[in-house]
Chemist: 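Right, I'll just put the structure down here and ask away after.
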Protein chains: 2
Amino acid sequence: MKLAANSASTSNVLRRKKGEALILRTAEEVFADRGFQGATVTEIAKRAGLPKANVHYYFASKENLYKQVIDDVFEAWLKAAEQFEDFDNPRKALTAYISAKMDLSRERPNGSKVWANEIIHGAPTIHHYLSTRLQEWLISREVWINRWMERGQMRPVNPRYLMYMIWACTQHYADFDTQITALNQDKALSDDEFEVAKQTMVDIILTGVLRE
Amino acid sequence: MKLAANSASTSNVLRRKKGEALILRTAEEVFADRGFQGATVTEIAKRAGLPKANVHYYFASKENLYKQVIDDVFEAWLKAAEQFEDFDNPRKALTAYISAKMDLSRERPNGSKVWANEIIHGAPTIHHYLSTRLQEWLISREVWINRWMERGQMRPVNPRYLMYMIWACTQHYADFDTQITALNQDKALSDDEFEVAKQTMVDIILTGVLRE
DNA sequence: GTCTATAACCGGATAGAC
DNA sequence: GTCTATCCGGTTATAGAC
């Protein structure tokens, strides 16, 4: 009896986790497509194939659901940022970082869009991330960029504005994919085209900042 | 009598133009802050110091008002793009273009934000601009970039992805100003800091693409 | 032309049956 | 835990007085 109860309980936990994950993924998509205000709980539920009340059952409110989506997105961003780690070799570090950010834009464009949307509208729900964890990450990388310049491995450029360039360029391929597709005869970039875009970016930035 | 009538009529036309311009500018601000769905006609009217019904009197619907804001923004974008015109000298042309786009981001960040918001959410109202006027502009500039490369003035880089880099980097300073401010101890970039950002971008891109 | 008052609608949230 | 039916607040748009 006890075992059966445990088993049933475990099964419910799993079902719950699965339902929550489905709603989270769907919500990220809808928030990306429509923005926070434009997204409706009805549409999230419909795309997830659930009645609206279930969404409220799992995630109390639309705002709470949105916050969890934002948290997910930020963690993924930080994970890609870990690629900035071959600290002896700026060429390797920058190439790996730009590539990882481009891959994230390719694989999870909706996350990038949710983030962009949030920032554009004044970052009401994630301002604390910006001035704490994001700032810490940025400062630690500036230290390394400055070191590379002292060693003569890089030309003197402002490290912070270099990072902004990398963020802007890589995220552009997610956030502005509609525009990029429209300018490509309404065909989304193929894997090969995307690879060329990535290499062009790496090429221009490395040539622009490395000393050799 | 006729003269007086004309005079009164002219005055009304002026008053009307003035009211419309005020509403347009205010609407651009509110749409930038809140997105299309997040913006309310009530808030636009309040910020403009008018009763809500006046907004509907001048601009039939919220959607129509939004379309006119988008049109305005696109024209300003094209005007900055005219700076890409010193066709014999890639250094001059690229420097002038990047500077003009940066100045536009600085002076009219809300326009850039409205545009970004529109693209992120699938460009429902401006898709036609993208595949017509924007594409024409882009192709004509690619022709010139290719010519510079044939002449040996530039290293071989994909012209289109170079343009995307310039768009992404320059517009980032408008669209992500909240993030940039948060990372700057919650202080907006000063004119001097902004100038450094601009010079860093020009420096990296020119060094990255020019041959000499 | 200007503004107040209101109609018509829609979306978030919840009560309560199953 | 799941879902239907409903409430309530807020938004667009307009009718109609001035």
Side-chain angles (χ1 to χ4, degrees), chain A residues 4-24 26-70 114 117 121 124-125, chain B residues 4-24 26-31 33-70 117 121 124-125:
Chain A
N6 275 342
S7 165
S9 157
T10 302
S11 163
N12 281 340
V13 168
L14 280 177
R15 180 193 309 268
R16 186 187 183 104
K17 284 265 177 244
K18 211 173 154 185
E20 284 180 4
L22 172 65
I23 293 169
L24 269 175
T26 310
E28 181 174 305
E29 188 180 303
V30 178
F31 284 130
D33 286 354
R34 313 244 184 257
F36 177 74
Q37 316 264 359
T40 65
V41 178
T42 306
E43 183 169 5
I44 294 170
K46 197 172 282 172
R47 286 206 211 174
L50 295 169
K52 182 172 64 153
N54 287 29
V55 175
H56 278 103
Y57 177 75
Y58 283 123
F59 296 90
S61 69
K62 178 184 172 182
E63 186 165 349
N64 175 48
L65 173 54
Y66 177 73
K67 279 184 179 157
Q68 295 204 34
V69 169
I70 284 276
V114 171
N117 197 62
H121 299 129
T125 70
Chain B
N6 276 342
S7 165
S9 158
T10 302
S11 163
N12 283 340
V13 168
L14 280 177
R15 181 194 310 269
R16 189 190 180 103
K17 285 266 176 239
K18 212 173 154 186
E20 284 180 5
L22 172 65
I23 293 169
L24 269 175
T26 311
E28 182 175 306
E29 187 181 303
V30 178
F31 284 131
D33 286 352
R34 311 244 185 257
F36 177 74
Q37 315 264 358
T40 65
V41 178
T42 306
E43 182 170 4
I44 294 170
K46 197 171 284 172
R47 286 208 211 172
L50 294 170
K52 183 174 61 154
N54 288 28
V55 175
H56 277 102
Y57 177 74
Y58 283 123
F59 296 89
S61 68
K62 178 183 172 183
E63 185 165 351
N64 174 49
L65 174 55
Y66 177 73
K67 279 183 179 156
Q68 295 204 33
V69 168
I70 285 276
N117 198 60
H121 300 129
T125 70

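Throughout, protein chains are lettered first and strands after them, A, B, ... in sequence-line order, and every chain is numbered starting at 1.
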Chemist: Are any non-hydrogen side-chain atoms of B/Leu24 and B/Glu20 less than 4.5 angstrom apart?
Modeler: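 No, their side chains stay 4.5 Å or more apart.
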Chemist: Quick one: label B/Ala39 by what it contacts on the DNA or RNA (base, sugar-phosphate, nothing), any heavy atom closer than 4.0 Å.
Modeler: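 Sugar-phosphate contact only.
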Chemist: Answer with yes or no whether A/Lys62 presents, from its side chain, a donor or acceptor under 3.5 Å of a partner atom in the base of C/dG11.
Modeler: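 Side chain to base: no pair below 3.5 Å.
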Chemist: How many Å lie between CD on A/Gln37 and C1' on D/dT12, as a whole number?
Modeler: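 Computing the A/Gln37:CD to D/dT12:C1' distance gives 15 Å.
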Chemist: To the nearest Å, give me how far apart CZ (B/Phe59) and P (D/dT12) are.
Modeler: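 Atom CZ in B/Phe59 sits about 16 Å away from atom P in D/dT12.
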Chemist: Of the nucleotides C/dT14, D/dT12, C/dC3, which one has an atom closest to the side chain of B/Pro51?
Modeler: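 Side chain of B/Pro51 sits closest to C/dC3.
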Chemist: Under 4.0 Å between any heavy atoms, over every strand shown, what does A/Tyr58 touch: base, sugar-phosphate, or nothing? Just pick one.
Modeler: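 Counting heavy atoms under 4.0 Å across all strands, the contact made by A/Tyr58 is with sugar-phosphate only.
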Chemist: Would you indicate which nucleotide in D/dT2, C/dG11, D/dT11 comes nearest to any side-chain atom of A/Thr40?
Modeler: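 Taking heavy atoms from C-beta onward, the closest nucleotide is C/dG11.
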Chemist: Looking at every heavy atom in both A/Asn54 and A/Leu50, which two are closest together, and how far apart are they?
Modeler: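 Where A/Asn54 meets A/Leu50 most closely, the heavy atoms are ND2-CD2, 4.1 Å.
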Chemist: Return the value, rounded to whole Å, for the distance between atom CZ of B/Phe31 and atom C1' of D/dT12.
Modeler: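 Between C1' of D/dT12 and CZ of B/Phe31: 12 Å.
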Chemist: Assign the ring pair A/Tyr66 / A/Phe31 to parallel, tilted or perpendicular, where the plane angle (0 to 90°) is split at 30° and 60°.
Modeler: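 Answer is perpendicular, since the angle exceeds 60°.
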Chemist: Round to the nearest Å and state the distance from A/Tyr57 atom OH to C/dC18 atom C1'.
Modeler: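 These atoms are roughly 14 Å apart.
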Chemist: Take atom OH of B/Tyr66 and atom C1' of D/dA13, then tell me their distance rounded to the nearest Å.
Modeler: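 Those two atoms, OH and C1', are 20 Å apart.
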Chemist: Looking only at the side chain of B/Thr42 (C-beta and beyond, no hydrogens), which of the listed nucleotides D/dA15, D/dT12, D/dA13 gets closest?
Modeler: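 It is D/dT12.
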Chemist: Provide, to the nearest angstrom, the distance between the CD atom belonging to A/Glu43 and the P atom belonging to C/dG12.
Modeler: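 Atom CD in A/Glu43 sits about 10 Å away from atom P in C/dG12.
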Chemist: Stepwise, does the side chain to side chain contact (heavy atoms under 4.5 Å, CB included) test hold for A/Leu65 with A/Ile44?
Modeler: CA-CA 11 Å; A/Leu65 173 54; A/Ile44 294 170; 4.1 Å; yes
Chemist: In the structure I gave you, are the side-chain heavy atoms of B/Arg34 and B/Thr40 within less than 4.5 Å of one another anywhere?
Modeler: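 In short, these two side chains do not touch, never coming nearer than 4.5 Å.
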Chemist: When you get a sec, tell me which of D/dT2, C/dG12, C/dC3 is the closest nucleotide to the side chain of A/His56?
Modeler: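 From the listed options, C/dG12 comes nearest.
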Chemist: What is the distance, rounded to the nearest whole Å, between atom CZ of A/Arg34 and atom C1' of C/dC10?
Modeler: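 A/Arg34 atom CZ is separated from C/dC10 atom C1' by 15 Å.
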Chemist: Could you state the atom-to-atom distance from NZ of A/Lys52 to P of D/dA5 in whole Å?
Modeler: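 Answer to the nearest Å: 13 Å.
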